[in-house]
2 protein chains.
Amino acid sequence: MALPNRPVATSSETEAALFDLVDVYDRAYETAAAELSLSPAQACVLGRLDERRGMGALAEELGCDASNITQIVARLEALGLVTREPNPRDRRARLVARTPRGDEVNHRFATAFTFARTAVGRLSPDEQDQLTALLRKALG
Amino acid sequence: MALPNRPVATSSETEAALFDLVDVYDRAYETAAAELSLSPAQACVLGRLDERRGMGALAEELGCDASNITQIVARLEALGLVTREPNPRDRRARLVARTPRGDEVNHRFATAFTFARTAVGRLSPDEQDQLTALLRKALG
DNA sequence: CAATAATGCTTGAGCCACTCAAGTAAACAA
DNA sequence: TTGTTTACTTGAGTGGCTCAAGCATTATTG
């Protein structure tokens, strides 16, 4: 289990609530991935392949080095969850796509990661709107 | 930069706002640590040493294996930010404590990690109370 | 009190994420 | 055609993380 990204000093109640939220969220994500024998990074990449796309597009969207994606995709491929096909338009590039098994695992992950759904579900529609507005304002 | 713990499908506006919050928070934490040449895990452990304490206590609080703490503390020690003294009451145990340099780096980290402070600061006191209440309710 | 068990931590092996530098091949430009 | 940019891979290196095994030391218990 990854260590929390959370300072111990909580200068306000609101900050403390944010810390708790992030902590619980991250752990829930990790747990859901682990139930499917995936790392968080693998679950993340798998979830971005609703349409086939190039390695570079993944790296850019996820804000990491291309070689990082190469390795994660290689492991997903070894697990049979993803294929790496040549791009007919550009023979340098590869198109990554989920296999049927990848689709199924991704769907099971989305089902297993209930945290956000559950948390939002504890609020009334009005409260949900309030929370959304407050978070958007806080995010600037 | 760590890949986001974030599903791509956003079934509601509120969930999307939660995703954004967690994403921005985690990246801010990582960035603040990196400015001090610390990993997020190192910053996390350093931040829990306001008082000297044993390895086991750290492992339990952070919910990870003791050997993980052994390694992180060893690196912090190599950086001169932490000491590992023998526990006079129990010669099996070690007491971890920040050095003066560790105190300074920890303080600089707390200063550099402005995200939560800044975000909360964008809200009025009333809004802060509302957000706290909503988050607490959502967390169950 | 001696044998046994439990505790606190370390070590070693192994996997994965991540980054950087260097390399290959194909596309593009001058 | 030559040179450059693009898309990706490879290799080396650092860390985080877990599990199994090991070593002291402390606690238990028969």
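Lettering of chains follows the sequences in order, A, B, ..., and the numbering in each one begins at 1.
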Between [atom2] on [N] and [atom1] on [X], what's the gap in Å once rounded to a whole number?
X	N	atom1	atom2	result
Leu95(B)	dC9(C)	CG	C1'	12 Å
Glu60(A)	dC8(D)	CD	P	11 Å
Asp65(B)	dG8(C)	CG	P	14 Å
Asp26(A)	dG16(D)	CG	C1'	15 Å
Arg53(B)	dG8(C)	CZ	P	14 Å
Ile72(B)	dC9(C)	CD1	P	15 Å
Arg27(A)	dG16(D)	CZ	C1'	14 Å
Ile69(A)	dT10(D)	CD1	P	15 Å

Taking the ring centre of each residue, are Phe115(A) and Tyr29(A) less than 6.0 Å apart? no
Could you say whether Arg89(A) or Cys64(A) is positioned toward the 5' end of DNA chain C, judged by the nucleotide with the nearest heavy atom to each? Cys64(A)
Starting from the 5' end of DNA chain C, give me the residue, Ala93(B) or Glu30(B), whose nearest nucleotide shows up first. Ala93(B)
Answer yes or no: does atom CD of Glu60(A) have more than 12 heavy-atom neighbours from other residues, nucleotides or ligands under 6.0 Å? no
Of Gln71(A) and Ala57(A), the one whose closest nucleotide on DNA chain D sits nearer the 5' end is Ala57(A)
Pick the closest DNA chain D nucleotide for Gln42(B) and for Arg94(A) by heavy atoms, then say which residue is nearer the 5' end. Arg94(A)
Does a salt bridge link Arg53(B) with Glu61(B), judged by any charged N lying under 4.0 Å from a carboxylate O? yes
Considering the options Val22(B), Asp26(B), Leu139(B), which one meets the side-chain contact (heavy atoms from CB on, under 4.5 Å) requirement together with Tyr25(A)? Val22(B)
Tell me whether the side-chain N/O atoms of Arg75(A) come closer than 4.0 Å to OP1 or OP2 in dA17(C). yes
For dT9(D), take OP1 and OP2 only and decide whether either is under 4.0 Å from a side-chain N or O of Arg92(A). no
With a 3.5 Å cut-off and heavy atoms only, can you find an N or O donor on one side and an acceptor on the other between the side chain of Ser67(A) and the base of dC20(C)? yes
How would you label the contact of Ala2(A) with the nucleic acid (heavy atoms, under 4.0 Å): base, sugar-phosphate, or nothing? sugar-phosphate
Any idea which of [options] is nearest the [X] side chain?
X	options	answer
Thr70(B)	dC9(C), dC17(D), dA26(C)	dC9(C)
Asn68(A)	dC17(D), dA17(C), dT10(C)	dA17(C)
Asp90(B)	dA26(C), dG8(C), dC17(D)	dG8(C)

Checking side-chain polar atoms at under 3.5 Å, does Asp126(B) have a donor or acceptor matched by the opposite partner on Ser124(B)? no
